[in-house]
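In this chain, numbering begins with 1 at the start of the sequence shown.
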Amino acid sequence: MPNKISAVGVLTSGGDCPGLNAVIRAITKTLEPEDVEVFGFTAGFTGLIENRYVKLDDKMTSGLLTVGGTILRTSRNKPHKMPTADGGTRDMTGAAIENYHRLGLDALICLGGGGTQKNAHRLMKEGGINVITCPKTIDNDVWGTDVTFGFDTGMSIATEAIDRLHTTASSHHRVMVVDIMGHNSGWLALGAGLAGGADVILIPEIPYDLDVVGRSLLARMKRGKMFSIVAVAEGAHSIDEARRIAEEAAGEKKKEKALKKELQHTKEPVSAILAEHLEEVTGLETRVTSLGYLQRGGVPTPFDRMLCTNYGVRAAKFALDGVYGVMVGKHGEDYLPIPLDDVVTKKRLVPLDHPWVLSARAVATCLGDEIPHGYKG
Ligand code: F6P
């Protein structure tokens with residue numbers, strides 16, 4: 001029989017997304033009837049380090065199911081690298097651990113993406129804190145779960161944007177390049193591109209050949225398709241860039257990651273490079289729409305509301321049952337405790353044989369590496 005718990009901390013960390021409040025609501029509604037106090041730390045791990053929190057109860061969380069963002073606010077701060085006034089960083093892990101024990105917490109539930117999983121894992125290893133996490137991000141790149149919460153809403157927003165771009169592209173006989181978030185993964189661009197019927201979808205997992213993209217659009221034009229939609233993930237890069245990174249990194253994963261990050265910050269946005277080239281090659285006017293933070297705003301979809309409620313309830317149940325050091329992972333209809341030791345060592349990128357990739361190719365979508373079948377010749 002697990003020990004009776006009396007107090008649990010909750011925090012939201014990393015990029016926000018619709019659904020965070022729905023998880024907070026589910027956790028609180030599940031724990032309050034069990035006489036468990038819920039401490040909501042503000043601004044991610046910063047709140048835990050600075051002992052800033054609000055007490056969460058049914059009154060505080062009622063009506064949150066459909067409210068975007070997070071009532072606790074968030075930050076990207078890491079306990080072991082907290083920003084200091086002089087522009088440096090300081091390890092404040094000790095303060096986090098001290099406050100956790102001072103408040104008499106039995107567990108800490110962290111809602112976040114890959115970075116948050118790592119921060120929670122570090123607090124567990126270095127401070128023996130009982131952590132439970134839920135996988136949050138519109139990028140859908142957290143390993144150990146079928147889908148992260150926030151992804152469905154982000155994909156719905158991006159899909160609706162592509163739907164709207166279709167009508168204006170066809171009215172003007174234009175090429176519309178739509179820049180979609182996703183950090184270093186292509187799930188959001190691939191999902192929205194497929195759902196929105198984009199003619200080209202470029203993702204980081206499949207380095208693109210500018211010439212192939214141009215020739216695909218020309219092939220469409222030969223068949224009378226005088227407008228095109230190009231969905232491009234913000235982390236997409238060309239074959240040449242991929243080759244340079246591979247050569248410079250020489251197989252060192254850490255160096256490859258650093259080079260990709262540097263590339264993302266130094267080069268012109270991939271959407272701009274594409275637009276310039278495609279206008280030149282096709283002779284069609286080309287315009288860029290960057291969806292940016294629209295993909296992280298507003299009301300969560302019904303799917304995400306369901307997902308968030310399940311994630312939150314399961315995280316609370318794990319706390320009640322003394323199941324710690326885990327992330328709640330959705331596997332089919334089950335929500336399982338996935339060891340954080342496993343989660344933090346992997347990223348979940350789009351497999352090249354994923355059904356979404358195969359379907360995109362089957363419906364003659366150009367993925368940047370070859371001219372779609374049916375357009376060849
Ligand atoms: O991780 C979610 C995300 O929206 C990414 O898709 C994007 O690259 C990043 O956050 C933007 O970070 P910030 O909100 O710090 O600008």
Side-chain angles (χ1 to χ4, degrees), residues 14-20 68-69 76 111-117 134-166 176-208 229-237 260-261 264 269-271 274 288-305 307-308 330 346-352 354-361 363 365-368:
D16 79 309
C17 70
L20 280 164
R76 290 187 180 278
L111 313 182
T116 303
Q117 308 297 327
C134 291
K136 168 271 317 163
T137 175
I138 64 169
D139 305 339
N140 197 32
D141 61 356
V142 176
W143 185 89
T145 188
D146 290 350
V147 61
T148 57
F149 71 84
F151 173 68
D152 185 70
T153 303
M155 191 174 83
S156 300
I157 293 166
T159 302
E160 194 209 341
I162 291 174
D163 292 346
R164 291 176 182 280
L165 289 171
H166 266 285
M176 285 292 179
V177 178
V178 53
D179 191 319
I180 294 172
M181 279 186 160
H183 195 38
N184 288 327
S185 74
W187 291 107
L188 207 47
L190 180 58
L194 196 53
D199 306 296
V200 179
I201 304 174
L202 303 180
I203 60 176
E205 295 85 346
I206 304 175
Y208 62 84
I229 305 291
V230 179
V232 57
E234 63 179 341
H237 49 271
K260 274 185 183 169
K261 192 168 184 177
Q264 262 190 338
V270 55
S271 50
L274 269 169
V288 176
T289 301
S290 289
L291 301 183
Y293 297 89
L294 287 171
Q295 299 159 103
R296 296 209 333 227
V299 178
T301 58
F303 177 84
D304 260 340
R305 295 179 211 176
L307 190 63
C308 291
K330 181 180 187 299
K346 306 174 189 77
K347 269 257 185 215
R348 184 170 175 268
L349 300 178
V350 179
L352 301 191
H354 192 274
W356 291 9
V357 173
L358 304 180
S359 296
R361 294 192 192 281
V363 295
T365 311
C366 172
L367 298 183

*Could you check Val357 against Leu190 for side-chain contact (heavy atoms from CB on, under 4.5 Å), going step by step and ending with a plain yes or no?*
CA-CA 8 Å; Val357 173; Leu190 180 58; 3.8 Å; yes
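- Contact check for Thr289 versus Leu291: side-chain heavy atoms found under the 4.5 Å cut-off.
- Put simply, the side chain of Lys347 does not reach to within 4.5 Å of the side chain of Ser185, judged on heavy atoms.
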*What do the steps show when you test Tyr293 against Met181 for side-chain contact (heavy atoms from CB on, under 4.5 Å), and what is the final call?*
CA-CA 8 Å; Tyr293 297 89; Met181 279 186 160; 3.6 Å; yes
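- Without hydrogens or angle criteria, Glu205 side chain to Pro351 main chain gives no donor-acceptor distance under 3.5 Å.
- For Leu352 against Ile206, the heavy-atom pair with the smallest separation is CD2-CG1, 3.7 Å.
- Taking both residues in full, the closest heavy atoms of Leu194 and Ile201 are given as N-CD1, 3.6 Å, listed atom of the first, atom of the second, then distance.
- Taking CG from Asp152 and CD1 from Ile138, the interatomic distance works out to 12.5 Å, rounded to the nearest 0.5 Å.
- With contacts defined as side-chain heavy-atom distances shorter than 4.5 Å, the pair Val200/Tyr208 does not qualify.
- Between atom OG1 of residue Thr148 and atom CG of residue Leu111 there is a gap of 12.5 Å, rounded to the nearest 0.5 Å.
- Distance alone, capped at 3.5 Å, places no donor-acceptor pair between the Thr159 side chain and the Gly196 backbone.
- Nearest heavy-atom pair across Leu20 and Gly69 is CB-O, 3.5 Å.
- For the atom pair CZ (Arg305) and OG1 (Thr153), the distance works out to 8.5 Å, reported to the nearest 0.5 Å.
- Looking at residues two or more places apart in sequence or on another chain, you find a side-chain contact (heavy atoms from CB on, under 4.5 Å) between His166 and Ile162, Phe227, Ile229.
- To the nearest 0.5 angstrom, Gln117 atom CD is 9.0 Å from Lys136 atom NZ.
- Remark: Asp141 CG to Lys346 NZ distance equals 14.5 Å, nearest 0.5 Å.
- Here the CG atom belonging to Asp16 is positioned 4.5 Å from the CZ atom belonging to Arg296, to the nearest 0.5 angstrom.
- Between Phe151 and Leu188 there is a side-chain heavy-atom pair separated by less than 4.5 Å.
- Of the possible polar contacts, one joining the Trp187 side chain to the Arg348 backbone as a donor-acceptor pair under 3.5 Å is found.
- Counting all heavy atoms, side chain and backbone alike, Cys134 lies closest to Phe149 at CB-CE2, 4.1 Å.
- For the pair Leu307 and Val147, the minimum side-chain heavy-atom distance is below 4.5 Å.
- Taking the ring pair (Phe, Tyr, Trp, His ring centres under 6.0 Å) definition, one finds that Trp143 meets it with nothing, sequence neighbours left out.
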